[in-house]
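Data block below; observations after.
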Amino acid sequence: MRRKATLITGAAGEIGQALVDSLVKISDQQLITLDIQPAPAGVAGKVIHIQGDILDKSMLSRLVSEYEIDTIYHLAALLSTRSEFTPTAAHQVNVEGTLVLLQMASEQSEWRGSPVKFIFPSSIAAYGLPDIETKTNYARVREWEWNYPRTMYGCNKLYCEQLGIYFSQHYRQLAADRPVMLDFRSLRFPGLISAFTVPSGGTSDYGPEMLHAAAKGEAYACFVREDVRIPFMAMPDAVTALLRLTAAPSSTLSRRVYNITSFSLSAVEFRDLVLKSYPGAQISFEPDLKRQAIVDSWPADLDDTPARRDWGWYPDYGVERCFVEYLVPNITKRYHPA
Ligand SMILES: NC(=O)c1ccc[n+]([C@@H]2O[C@H](COP(=O)([O-])OP(=O)(O)OC[C@H]3O[C@@H](n4cnc5c(N)ncnc54)[C@H](O)[C@@H]3O)[C@@H](O)[C@H]2O)c1
């Protein structure tokens, strides 16, 4: 018999590390982490780590010959800024990689006669508001509004959401027998801020970058204008949301893709919060007009009513608690250990 397991792709990344830290404490299943990077520190002996590429189908076949994959957290991706530099590579990893995993999860769902849960982090990059006026008028965007991404990454995310819905609801719709289909669930995350890892390659990175630079005593030039506003969330809330959505009974879910958010800040409000804790921080604004235009197309805030209603989503960290209890003490400790 194969052992039941949870697979986490992209486990060495920012969300992956935080998620795996939580899963090792609460999961009763074998955890298998997969990343092109080595296993994150601190999980040795607690997970089986495969250093490999999600596009490697023979590696995945070997994996399912040994384990009955019950849940997949598919986090591996190329993020928004990187994807603009290498759009074809982004398509390969973000779309084709997701397709390979969806196909594997579909086959596994049929084999075992019960749906594999496929948890997929999407993003505010799936939205694309055409101009600042629209961004001001549509402050709290709902899931079905303004799905016109202007980045390769956003296009990839939006399409993968649709692929996930297809594999959950319409896969092999012309076949004689209705297959057991996978159970796709997705969260559109705002910009995430972690106290323990430094972001790389995202376009909302200016928030966390300000904080980490301030804690290190380094000057930082923010690449967007002062008034640019987007939603953010503390990493522990992102992990809670992933776990809560995974645990929600299917009968309570009215959608497969949910907005979630915690607080919205303009870049200057973010700077002011950083200055409160690090009064000597040197933060200037030197907008990169091209990256700026991407952030301008993202919503100022998200309407997360369906997530709150269907599976009890709420953030534990509002802006004050996020900075005062989570970010500032932990980031300070990271650069200035006692
Ligand atoms: N961090 C955020 O603010 C944010 C917001 C919205 C959505 N997301 C999504 O959450 C997921 C995780 O994001 P993150 O911030 O942890 O990103 P990250 O860049 O820190 O981690 C991604 C991980 O995927 C791995 N990876 C990339 N290509 C791979 C491949 N071909 N095979 C195997 N592994 C591969 C990388 O090595 C990396 O460890 C991504 O899908 C991202 O799009 C993140």
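Counting starts at 1 for both ligands and their atoms, following the listed order.
F189 meets the ring pair (Phe, Tyr, Trp, His ring centres under 6.0 Å) test with no other residue; sequence neighbours excluded. With sequence neighbours left out, Q37 forms a side-chain contact (heavy atoms from CB on, under 4.5 Å) with A12, D35.
Tested against W146, the residues W298, Y127, Y138 include a single ring-ring contact (aromatic ring centres under 6.0 Å, His included) partner, Y138.
A salt bridge does not link D177 with R172: none of the charged nitrogens is closer than 4.0 Å to a carboxylate oxygen.
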Give me the pairs of N or O atoms, one from ligand 1 and one from the protein, that sit under 3.5 Å apart.
| residue | atom | partner | partner atom | Å |
| --- | --- | --- | --- | --- |
| ligand 1 | 3 (O) | L192 | N | 3.0 |
| ligand 1 | 16 (O) | E14 | N | 3.0 |
| ligand 1 | 16 (O) | I15 | N | 2.8 |
| ligand 1 | 20 (O) | E14 | N | 2.9 |
| ligand 1 | 31 (N) | D53 | OD1 | 3.0 |
| ligand 1 | 32 (N) | I54 | N | 3.0 |
| ligand 1 | 34 (N) | I36 | N | 3.4 |
| ligand 1 | 37 (O) | D35 | OD1 | 2.6 |
| ligand 1 | 39 (O) | G13 | N | 3.1 |
| ligand 1 | 39 (O) | D35 | OD1 | 3.3 |
| ligand 1 | 39 (O) | D35 | OD2 | 2.7 |
| ligand 1 | 41 (O) | L75 | O | 3.0 |
| ligand 1 | 41 (O) | K157 | NZ | 2.8 |
| ligand 1 | 43 (O) | Y153 | OH | 2.5 |
| ligand 1 | 43 (O) | K157 | NZ | 3.0 |

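Side-chain contact check for I260 versus R188: every heavy-atom pair is 4.5 Å or farther apart.
Pairs passing the ring-ring contact (aromatic ring centres under 6.0 Å, His included) check and including a residue from residues 17-36, sequence neighbours excluded, do not occur.
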